[in-house]
Amino acid sequence: MGEMDFNPSEVLEAIAPTVMHGKSEYVVGRICFSMMFFMPADGNYSTPPRMVEAEQRVATEFPREIYEHWVFEDPYARNSKKGETAPSLTDRLANFMTNNETHYNGAFGGKYWVGRKDGMAPPVQFLQWYYDRVLEKESHAELDEANIFQLNIPLTVIDDLARPKFTQKLFSDLCQILQPLSAVGGLCMATPLAAILQQKQKELETLLPITDNHPGLLFGSAFNMSQHTRFRMSAVNWLTAIRGDLLELCGGRDGVLDTLTRPGIETAPYGDAGLLIQAGETPQMGNLAEGVILPHYGDVARALRPARLHIDGGRAPHVAYYGPEATNYSDEKMWAAQNAWLARFDEMV
């Protein structure tokens, strides 16, 4: 797969939209490189050990010592625990699995980040994983929320590494470890805001002009995008992984490969029958105001469209992004805005 070449990363990282709360100004978003992995419901509790292995793989690149502050959410405690050093995930996993049969509900999750300790700036380096055992119980098979693993990396950190194909290799390795149903990697408008805050008019008026004009940007947190991704995939991006069972909905690996003939699209096998896809030489965010579209992303989106989720019910959004009609929306408007975001590459040729 081709080498990644941000030009320049400093310009993208300088895009830091702010809002005023009282007399204080807060950064509500920052562009980084994000990888989001959406897990299947395997029904055998095999996901938590894979998450530990994935975190250990990330730690080979970004040692825990670099994290200035961490928060770990303990499923057996009422409140989050905070400290200066990261916990042992191996010990946490052992405790989680020991309590597996005695606790009907429970989550194995946590997050680390690097950034300002006063919380005024968003996380610029972020690792989050979340597993809820309820999602693998047959009695809760109707739930359509996926367990997730996410990694955000500052663009300048990737530049400083100066390692060709670093992001592609790490994305591929994490796919092989986690075995997600689907995954994406690309430029992302990361925000520390919870989904409920992202829906407020002030924050949306700040973020929407950027995300509307640059369709290649992922948005927010994989945790907030976990709705509806247990059985279908989200929109594609620069890097996309799709497992074999979803790929069959699109005509299988050979059928999809037959449609991805544009120069610059590269592919590699994933699992027994899945596919890893790179849409172009470098990640892009596009610029609709200047007529810059993303035809490589469009090719991948059309090829995998049969496996993509379509929202036509429920009140839980897939992405905390409602389009210009952000307030006082009806269910139908919310569904339409969600589906428009998911299909934003379809007409780019």
task: Taking ring pair (Phe, Tyr, Trp, His ring centres under 6.0 Å) as the test, write out the residues that go with Tyr270, two or more places apart.
output: none
message: Between Glu61 and Arg163, does any NZ, NE, NH1 or NH2 come within less than 4.0 Å of an OD or OE carboxylate oxygen?
response: yes
message: Is any side-chain heavy atom of Arg302 closer than 4.5 Å to one of Val349?
response: yes
- prompt: Taking only residues two or more places apart in sequence, or in another chain, which ones meet Arg50 in a salt bridge (Lys or Arg N to Asp or Glu O under 4.0 Å)?
  reply: Asp42
field: Ala289: partners by side-chain contact (heavy atoms from CB on, under 4.5 Å), with sequence neighbours left out
entry: Asn213, Asn287
- prompt: Are any of the side-chain heavy atoms of Glu266 and Glu281 separated by less than 4.5 Å?
  reply: yes
Set of salt bridge (Lys or Arg N to Asp or Glu O under 4.0 Å) partners for Arg262, sequence neighbours left out: Asp299
message: Keeping Trp238 on the side-chain end and Gly280 on the backbone end, is there a donor-acceptor pair under 3.5 Å?
response: yes
query: CG/Leu174 to CD/Glu55 distance, rounded to the nearest 0.5 angstrom?
result: 10.5 Å
query: Without hydrogens or angle criteria, can the side chains of Thr47 and Asn147 be said to hold a donor-acceptor pair below 3.5 Å?
result: no
- request: Apply side-chain contact (heavy atoms from CB on, under 4.5 Å) to Asp245 and list each qualifying residue two or more places apart in sequence or on a separate chain.
  value: Leu181, Arg243
- prompt: Should Arg30 and Pro154 count as side-chain neighbours, where that means a heavy-atom distance under 4.5 Å?
  reply: no
field: Non-neighbouring partners of Ile177 that pass side-chain contact (heavy atoms from CB on, under 4.5 Å), sequence neighbours left out
entry: Glu53, Ala54, Arg57
message: Do Tyr45 and Trp129 sit in one hydrophobic cluster, given that two such residues count as connected whenever their side-chain heavy atoms are within less than 4.5 Å of each other, even indirectly?
response: yes
message: Counting C-beta onward and ignoring hydrogens, is there a side-chain heavy-atom pair between Val52 and Gln56 closer than 4.5 Å?
response: yes
Reported CG-to-OG distance for the pair Asp132 and Ser226, which is rounded to 0.5 angstrom: 10.0 Å
query: Below 4.5 Å, heavy atoms only, C-beta onward: do Trp341 and Ser234 meet side chain to side chain?
result: yes
message: Side chains of Met39 and Met51, heavy atoms from C-beta outward: is any pair under 4.5 Å?
response: yes
- prompt: Can you name the residues that form a side-chain hydrogen bond (donor to acceptor under 3.5 Å, both in side chains) with Thr259, not counting sequence neighbours?
  reply: none
statement: Gln284 meets the side-chain hydrogen bond (donor to acceptor under 3.5 Å, both in side chains) criterion, sequence neighbours left out, with Thr282
- request: Would you check if the side chain of Asn339 reaches a backbone N or O of Ile311 as a donor-acceptor pair within less than 3.5 Å?
  value: yes
task: Applying side-chain contact (heavy atoms from CB on, under 4.5 Å), run through Leu275 and Leu257 and close with a yes or a no.
output: CA-CA 9 Å; Leu275 200 59; Leu257 289 175; 4.0 Å; yes
message: Nearest 0.5 Å, please: how far is CG in Asn237 from CE in Met285?
response: 12.5 Å
field: Side chain proximity check, Arg232 to Leu249, heavy atoms < 4.5 angstrom
entry: yes
message: Evaluate Leu304 against Ile277 for side-chain contact (heavy atoms from CB on, under 4.5 Å), listing each step before the verdict.
response: CA-CA 11 Å; Leu304 302 184; Ile277 305 171; 4.1 Å; yes
Close side-chain approach of Cys32 to Ile153, heavy-atom, < 4.5 Å: no
- line: Hits for ring pair (Phe, Tyr, Trp, His ring centres under 6.0 Å) against Phe166, two or more places apart or cross-chain, chain-then-number order -> none
Pairs involving residues 340-349, ordered by first then second residue, that meet salt bridge (charged side-chain N to carboxylate O under 4.0 Å, His left out) (sequence neighbours left out): Arg305-Asp346, Arg308-Asp346
message: Just to verify, what does Ala222 make a side-chain contact (heavy atoms from CB on, under 4.5 Å) with, not counting sequence neighbours?
response: Met36, Phe38, Ile148, Gln150
- request: Could you tell me the separation between the CZ atom of Phe33 and the CD1 atom of Ile158, rounded to the nearest 0.5 Å?
  value: 6.0 Å
message: To check you understand the geometry: which heavy-atom pair defines the closest contact between Ala241 and Leu276, and what is its length?
response: CB-CD2, 3.4 Å
Evaluation steps, side-chain contact (heavy atoms from CB on, under 4.5 Å), between Leu239 and Val184: CA-CA 5 Å; Leu239 302 177; Val184 290; over 6 Å; no
- prompt: Taking only residues two or more places apart in sequence or in another chain, which ones pass ring pair (Phe, Tyr, Trp, His ring centres under 6.0 Å) with Phe37?
  reply: Phe171
- prompt: When rounded to the nearest 0.5 angstrom, what distance separates CG in Leu155 from CG in Asp160?
  reply: 11.0 Å
Step-by-step side-chain contact (heavy atoms from CB on, under 4.5 Å) determination, Thr240 to Met233: CA-CA 10 Å; Thr240 302; Met233 69 182 299; 3.8 Å; yes
message: To the closest 0.5 Å, what do you measure between CD1 (Ile31) and CE (Met189)?
response: 4.5 Å
